[in-house]
Undergrad: 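Let me begin by handing over the structure; questions about it come next.
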Amino acid sequence: MGSKRKVLALCGGVGGAKLALGLSRVLGDDELCIVVNTGDDFTHLGLRICPDIDTVIYTLAGCVDTNTGWGRAGETGEFMASLSTLGGEDWFYLGDKDLAMHVERTRRLAAGEKLGSVTQALSRKLGVSVPVIPMTDDTLATQVEVEEDGKSMTLSFQDYFVRKRCEPKLKGIHFVGRDNAQPHSQFLANLQDSDLDLIVICPSNPFLSIDPILALPGIRGILQKTAVPVVAISPIIGGAAVKGPTAKIMAELGLKMHAMTVADYYQDIVSGFILDRRDGAEAEAIREIIPRVGVAQTLMQTVEDKIELARETLDFAGLDV
Ligand code: GDP
């Protein structure tokens with residue numbers, strides 16, 4: 001290994017966490033910082049729940065349910081079953097082990113700790129030594145405009161995503177609090193670090209996971225101006241989303257399911273773009289809008305896949321691997 005590298009990764013939940021794990025296996029703890037979307041966070045049953053942060057922590061800690069990509073492996077559902085019997089709100093599944101995370105987070109927040117410090121403490125307890133930083137300590141909440149039975153309405157993100165299973169037609173996405181939420185100080189410090197070598201935009205949903213991060217005051221402008229390479233990995237493989245509602249959302253927003261659509265969306269902030277081999281035919285067209293384009297096997301099913309894509313991303317950006 002050559003000299004020390006410094007990489008900042010911007011990440012959502014399931015797709016982003018997979019590459020974050022790969023990066024954490026290739027880079028040292030002092031070479032990587034993972035900034036996570038908190039637009040999906042909400043308060044439910046009196047508990048503060050941060051779905052993307054928990055997915056990243058569980059993935060890095062090796063205790064994620066690999067079948068779903070979120071939640072904990074070997075989870076039990078006693079709490080949920082009892083709550084359901086009592087007629088409680090059971091539309092958002094909280095496993096017994098997972099529940100402990102939300103209870104402890106809520107306790108610490110109520111005692112006055114900031115989300116970043118709570119996240120750091122809880123991830124350390126689960127054995128994660130790489131810094132996992134919420135994009136902000138403040139509240140920026142994703143809301144969606146939808147149409148259901150001919151009626152337009154505004155829904156909070158989890159109401160749309162989980163309670164209504166993304167069924168209403170999506171018309172628009174807003175980030176409530178975007179003007180007042182400050183990027184986390186460690187996020188800003190990393191962005192402004194003169195030793196920073198690379199910013200990676202993980203293969204997360206561009207509209208729901210990455211956009212909230214970009215919506216924080218000043219962040220888009222910093223990425224547009226930075227001399228540090230910014231490389232995005234496409235979350236679209238073979239003209240389809242690997243999992244989740246990305247395809248439905250893109251169709252409803254009038255966007256085509258092509259790597260090019262994601263490249264076009266990111267073109268003002270990235271200097272490099274990696275797309276999957278299966279979409280390789282699009283590389284030439286993407287090269288016309290983004291200076292450097294790479295083609296790789298981007299489907300991450302095994303830990304080895306995740307490490308390999310992390311290596312290819314660093315190599316693509318000219319870093320020692
Ligand atoms: P969420 O917040 O849990 O929905 O997670 P993300 O936004 O981080 O990830 C969702 C996106 O990840 C979807 O668009 C998927 O297509 C993409 N994704 C999931 N797994 C993979 C993978 O192995 N490779 C790539 N390239 N994209 C993936």
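One-based numbering, in listed order, for ligands and for the atoms of each.
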Undergrad: Drop me the distance from Leu19's CG to Thr59's OG1, to the nearest 0.5 angstrom.
TA: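 Leu19 CG to Thr59 OG1: 11.5 Å, rounded to 0.5 Å.
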Undergrad: Flag yes if Ile286 and Phe316 sit in one hydrophobic cluster, no otherwise; membership is Ile, Leu, Val, Met, Phe, Trp, Tyr, and two members link when side-chain heavy atoms are under 4.5 Å apart.
TA: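 Shared cluster, no.
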Undergrad: Could you tell me if Glu147 and Ser152 have a donor-acceptor pair between their side chains, going purely by distance under 3.5 Å?
TA: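 Their side chains do not contain a donor-acceptor pair, so the 3.5 Å distance test is not met.
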Undergrad: Side chain to side chain contact (heavy atoms under 4.5 Å, CB included) between Lys256 and Thr261: does it pass, once the steps are laid out?
TA: CA-CA 6 Å; Lys256 293 208 171 84; Thr261 307; 4.0 Å; yes
Undergrad: Roughly how far apart are Thr142 OG1 and Asn37 CG, rounded to 0.5 Å?
TA: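 Here the rounded value is 6.0 Å.
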Undergrad: Using a 4.0 Å cut-off on heavy atoms, what residues surround ligand 1? Order them by chain and number.
TA: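 Gly12, Gly13, Val14, Gly15, Gly16, Lys18, Asp52, Pro203, Ser204, Asn205, Ser209, Ser234, Pro235, Ile237, Ala241, Val242, Lys243, Thr246, Thr298, Leu299, Met300.
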Undergrad: Taking atom CE of Met135 and atom SG of Cys11, what is their separation to the nearest 0.5 Å?
TA: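 These two atoms lie 12.5 Å from each other.
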